[in-house]
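Taking it in order: structure first as structure tokens, then the write-up.
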Amino acid sequence: MTSIELSEIIEDGSDVLIVLDSRKRWLTKAITGKQFHCHKGFFDFDQIMGKPYGISVKTNKSIELTIYKPIPSDFLKQIPHSSQIIYTKDAGLILLNGGIHPGCIVLEAGTGSGALTSILAKYVGSEGHVYTYENREDAYNNAKKNLERLGLESQVTMKFQDASNGFDEQKVDAVVLDLGDPCEIIPHARTALKSGGVITIFMPTYNQIERVYVQLEEYNFGDIQALELILRGIQLKRNAIRPNTRMIGHTGFLIFARKLVGEKDL
Ligand SMILES: C[S@@+](CC[C@H](N)C(=O)[O-])C[C@H]1O[C@@H](n2cnc3c(N)ncnc32)[C@H](O)[C@@H]1O
């Protein structure tokens, strides 16, 4: 039998993903002496304390629930939000194409609900940092709560500031923009970025792509790429494996570009 490490064990205060089926799942904390309740009954968290993630537990109505250790996409799907948050498929590509890596400094605007901020913060880790700008107070306060709930506040500096007035930071490795008018932020992003640094812009409409592309050329960015990710889920059912009937048809477009350095910058 393989030995079980401490990180595999559910403790008082551990985050747990409780799964009934592919549709019904809950993200919560396991608390000693408390119960988990859902429409299929309840169980005592004490029943799972000290046990490894991946176990199953029965409710008082004998319904089996599985307990998983949450992964970043679980947090993303459950984050309380008032504005549209980034989808996992787009967040994944932003990390890889956006020049983001453990230990790097990322500048983000707008924060929104802090969903993308949380993914960036997890990925840059304790050696890196995320600076994020939001100009709506309610969004700023909600994102602050979300980041505290995820225990990521030390890796993020939140600013209740309008990014169109410019950024305080310089020599950042990457800039990520997901806000209404990215064109007016591009000049400030250029000033804040290191030479060769990457800018990523998420935008929902075709109309914005051309304006952003032209602005990026004007402000001397190179290697400009625009793309859209289309994701199709597959139904997993014996003898009936096929694409799901329903899918999310559109989330947004992504533009990636890198800061060029001309003679006048040297
Ligand atoms: C679509 S939401 C961002 C969602 C975010 N990526 C997430 O995953 O939660 C856009 C946010 O940008 C903010 N915003 C718009 N213009 C801004 C600006 N000039 N400076 C700072 N924030 C801005 C809006 O208030 C809004 O909260």
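Counting starts at 1 for both ligands and their atoms, following the listed order. What you see is a predicted model; the values in this text were computed from it and never measured.
Considering backbone and side-chain N/O atoms, Asn135 comes within less than 3.5 Å of an N/O atom of ligand 1. Residue Leu116 places at least one N or O, backbone or side chain, under 3.5 Å from an N or O of ligand 1. The N/O atoms of Ile185, backbone and side chain alike, include none that comes under 3.5 Å of an N/O atom in ligand 1.
At the shortest separation from atom 12 (O) of ligand 1 among protein heavy atoms lies Gly110 CA, 3.5 Å. In terms of protein heavy-atom proximity, atom 19 (N) of ligand 1 is nearest to Asp162 OD1, 2.8 Å. Counting only heavy atoms of the protein, atom 15 (C) of ligand 1 lies nearest to Leu179 CB, 3.6 Å. With respect to atom 2 (S) of ligand 1, the closest heavy atom belonging to the protein is Ser83 OG, 3.9 Å. Summary of contacts: the protein heavy atom closest to atom 20 (N) of ligand 1 is Ala163 N, 2.9 Å. Counting only heavy atoms of the protein, atom 24 (C) of ligand 1 lies nearest to Glu134 OE2, 3.4 Å. The single protein non-hydrogen atom nearest to atom 6 (N) of ligand 1 is Asp178 OD2, 2.8 Å, given as residue, atom name and distance. Summary of contacts: the protein heavy atom closest to atom 9 (O) of ligand 1 is Ser113 N, 3.1 Å.
Contact analysis puts Gln161 in contact with ligand 1, with a non-hydrogen atom separation below 4.0 angstrom. Distances from ligand 1 to the non-hydrogen atoms of Ile79 include no value under 4.0 Å.
The aromatic rings of Phe167 and His188 sit perpendicular, their planes meeting at an angle over 60°, well past the 30° parallel limit. Ring geometry for His250 versus Phe253: interplanar angle of 30 to 60°, hence tilted.
Closest heavy-atom approach to atom 8 (O) of ligand 1 within the set Leu76, Asp138, Ile86: this belongs to Ile86.
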Quick one: side chains of residues 83-90, donor-acceptor pairs under 3.5 Å with protein atoms, not counting sequence neighbours, listed by atom name and distance.
{"unit_1": "Lys89", "atom_1": "NZ", "unit_2": "Leu229", "atom_2": "O", "d": "2.6"}
{"unit_1": "Lys89", "atom_1": "NZ", "unit_2": "Thr251", "atom_2": "OG1", "d": "2.8"}
{"unit_1": "Asp90", "atom_1": "OD2", "unit_2": "Thr251", "atom_2": "OG1", "d": "2.7"}

Output side-chain donor-acceptor pairs under 3.5 Å for residues 23-30, partner residues at least two apart or in another chain, one line each.
{"unit_1": "Lys29", "atom_1": "NZ", "unit_2": "Asp15", "atom_2": "OD1", "d": "3.1"}

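The proximity of Gln84 to ligand 1, defined as any non-hydrogen pair under 4.0 Å, is limited to the backbone. Residue contacts with ligand 1 for Ala109 are absent, since no atom lies close enough (heavy atoms, distance under 4.0 Å). Counting heavy atoms under 4.0 Å from ligand 1, residue Thr111 touches it through the backbone alone.
With hydrogens and angles left out, the side-chain atoms of Glu11 and Ser14 include no donor and acceptor closer than 3.5 Å. With no hydrogens or angles considered, a side-chain donor-acceptor pair links Tyr133 and Glu169 at under 3.5 Å.
Between the side chain of Glu134 and the backbone N or O of Arg136 there is at least one donor-acceptor pair closer than 3.5 Å.
Put simply, CG on Asp12 and NZ on Lys34 are 10.0 Å apart, with the number rounded to the nearest 0.5 Å.
The ligand atoms of ligand 1 that sit less than 4.0 angstrom from a heavy atom of Gly114 are 9 (O).
Heavy atoms from other residues, nucleotides or ligands lying under 6.0 Å from CZ of Arg149 number more than 12.
Salt-bridge formation is detected for the pair Asp168/Lys159: a Lys NZ or Arg NE/NH1/NH2 atom is positioned less than 4.0 Å from an Asp or Glu carboxylate oxygen.
Taking the six-membered ring for Trp and the full ring otherwise, Phe43 and Phe36 have centroids separated by under 6.0 Å.
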